[in-house]
Amino acid sequence: DLVLPDDGHMYRSDDTVTLSWDGSDPNPGDDLTFDVYLDRQSDPDTRVSKEQMSESYQAEGLEAGYEYYWKVVVSDGEFETESEIQSFTINRKPTVDLTSPEDEEILDSTSTTLYWDATDDGGMSSLTYDIYFGTNSDPDTIIGDGQYEREVDVSNRENDTTYYWFVEVDDGYETTR
């Protein structure tokens with residue numbers, strides 16, 4: 001039986017993926033070996049581990065933004081049994097690009113609207129935004145919290161003052177700025 005991850009599980013892009021299963025044999029004295037198959041095909045045929053004795057495998061080199069399928073073939077030296085196939089997905093972090101005003105742009109007004117673009121190549125969920133704004137180079141004042149729109153109005157700015165801003169984008173799994 002495949003134990004972890006649960007079928008359809010979503011991993012963060014920086015998570016370690018460890019596959020685990022329970023293997024058994026009706027003959028208690030038999031030594032079991034396991035072949036692990038893992039790839040992006042719905043019936044995985046890439047053997048990533050051969051004749052291992054442990055009931056877990058740490059997957060490496062997985063790319064974010066893809067669904068992976070895996071199965072295990074157990075052998076007691078005489079007979080082989082193939083597990084069911086399960087899948088998991090590696091989330092791709094969303095990205096954000098500040099579009100207006102441009103970096104170091106001089107504004108004539110004490111109010112403006114901040115604009116940005118964001119993408120979620122994984123397309124797994126809707127994006128939310130936290131907008132930070134202030135006079136220090138790493139502002140900590142939130143002027144927009146958990147909003148869905150890609151713009152926010154800023155007013156009551158002082159003339160001849162440098163302001164900084166950034167946007168944190170969250171896809172429900174990971175946050176990026």
Side-chain angles (χ1 to χ4, degrees), residues 2-21 36 38-44 46 48 56-71 84-177:
L2 303 182
V3 176
L4 289 174
D6 291 332
D7 194 28
H9 183 78
M10 173 71 75
Y11 281 98
R12 294 170 41 105
S13 61
D14 57 355
D15 283 346
T16 299
V17 176
T18 301
L19 310 175
S20 65
W21 57 90
V36 181
L38 170 68
D39 59 40
R40 296 193 315 229
Q41 300 176 59
S42 60
D43 187 3
T46 303
V48 294
S56 68
Y57 172 79
Q58 186 169 323
E60 296 179 358
L62 303 177
E63 293 182 59
Y66 292 102
E67 183 173 20
Y68 289 88
Y69 298 87
W70 69 290
K71 66 183 178 184
E84 73 273 24
I85 297 170
Q86 290 190 357
S87 70
F88 60 90
T89 301
I90 307 295
N91 187 51
R92 180 173 288 153
K93 286 183 182 184
T95 60
V96 63
D97 180 35
L98 307 180
T99 58
S100 180
E102 293 182 19
D103 193 25
E104 298 188 24
E105 183 175 340
I106 297 173
L107 303 175
D108 296 332
S109 173
T110 59
S111 65
T112 191
T113 302
L114 307 176
Y115 298 95
W116 60 91
D117 286 326
T119 58
D120 180 20
D121 290 339
M124 301 299 172
S125 61
S126 60
L127 301 175
T128 59
Y129 309 100
D130 293 342
I131 302 88
Y132 293 78
F133 185 85
T135 56
N136 64 24
S137 62
D138 191 20
D140 57 4
T141 302
I142 297 178
I143 61 170
D145 184 21
Q147 72 178 49
Y148 294 97
E149 301 81 24
R150 290 185 300 208
E151 64 182 61
V152 66
D153 292 326
V154 178
S155 56
N156 299 324
R157 293 183 310 104
E158 295 179 24
N159 285 326
D160 300 320
T161 303
T162 300
Y163 289 91
Y164 301 88
W165 66 292
F166 68 86
V167 175
E168 285 186 345
V169 58
D170 188 317
D171 67 358
Y173 298 99
E174 297 183 76
T175 301
T176 299
R177 79 182 229 192

Return each pair, listed once, that meets salt bridge (Lys or Arg N to Asp or Glu O under 4.0 Å) where at least one residue sits in [range]; pairs must be two or more places apart or across chains.
range	answer
residues 127-139	Asp138-Arg177
residues 3-12	Arg12-Asp14
residues 145-156	none

For [X], which residues count as a side chain to side chain contact (heavy atoms under 4.5 Å, CB included) partner, sequence neighbours excluded?
X	answer
Ser155	Ser111
Glu105	Pro101, Glu102, Leu107
Glu84	Leu2, Gln86
Ser137	Tyr164

Could you check whether any side-chain heavy atom of [X] comes within less than 4.5 Å of a side-chain heavy atom of [Y], counting everything from C-beta outward?
X	Y	answer
Phe88	Leu38	yes
Ile143	Leu114	yes
Asn156	Thr110	no
Pro44	Ile85	yes

For [X], which residues count as a ring-ring contact (aromatic ring centres under 6.0 Å, His included) partner, sequence neighbours excluded?
X	value
Trp165	none
Tyr163	Phe133
Tyr69	none
Tyr132	Phe166

Working to the nearest 0.5 Å, report the span between [atom1] of [X] and [atom2] of [Y].
X	Y	atom1	atom2	value
Ile131	Thr141	CD1	OG1	13.0 Å
Thr112	Arg157	OG1	CZ	6.0 Å
Glu168	Asp170	CD	CG	8.5 Å
Tyr11	Asn91	OH	CG	13.0 Å

What are the two closest heavy atoms between [X] and [Y], and how far apart are they?
X	Y	answer
Thr18	Pro5	O-CD, 4.2 Å
Asp120	Arg92	OD1-O, 3.6 Å
Leu127	Tyr148	O-CD2, 3.4 Å
Ser13	Ile90	CA-CG2, 4.0 Å
Pro94	Asp171	CD-OD2, 3.5 Å
Glu67	Ser87	OE2-OG, 3.0 Å

How about Tyr57 and Trp70: are their ring centres within less than 6.0 Å of each other? no

Report the residues that fulfil salt bridge (charged side-chain N to carboxylate O under 4.0 Å, His left out) with Arg40, sequence neighbours left out, ordered by chain and then residue number. Glu63

Donor-acceptor under 3.5 Å (Asp39 side chain, Thr46 main chain): yes

With Trp116 as reference, evaluate Val167, Val169, Asp97 under the side-chain contact (heavy atoms from CB on, under 4.5 Å) test and give the passing residue. Val167

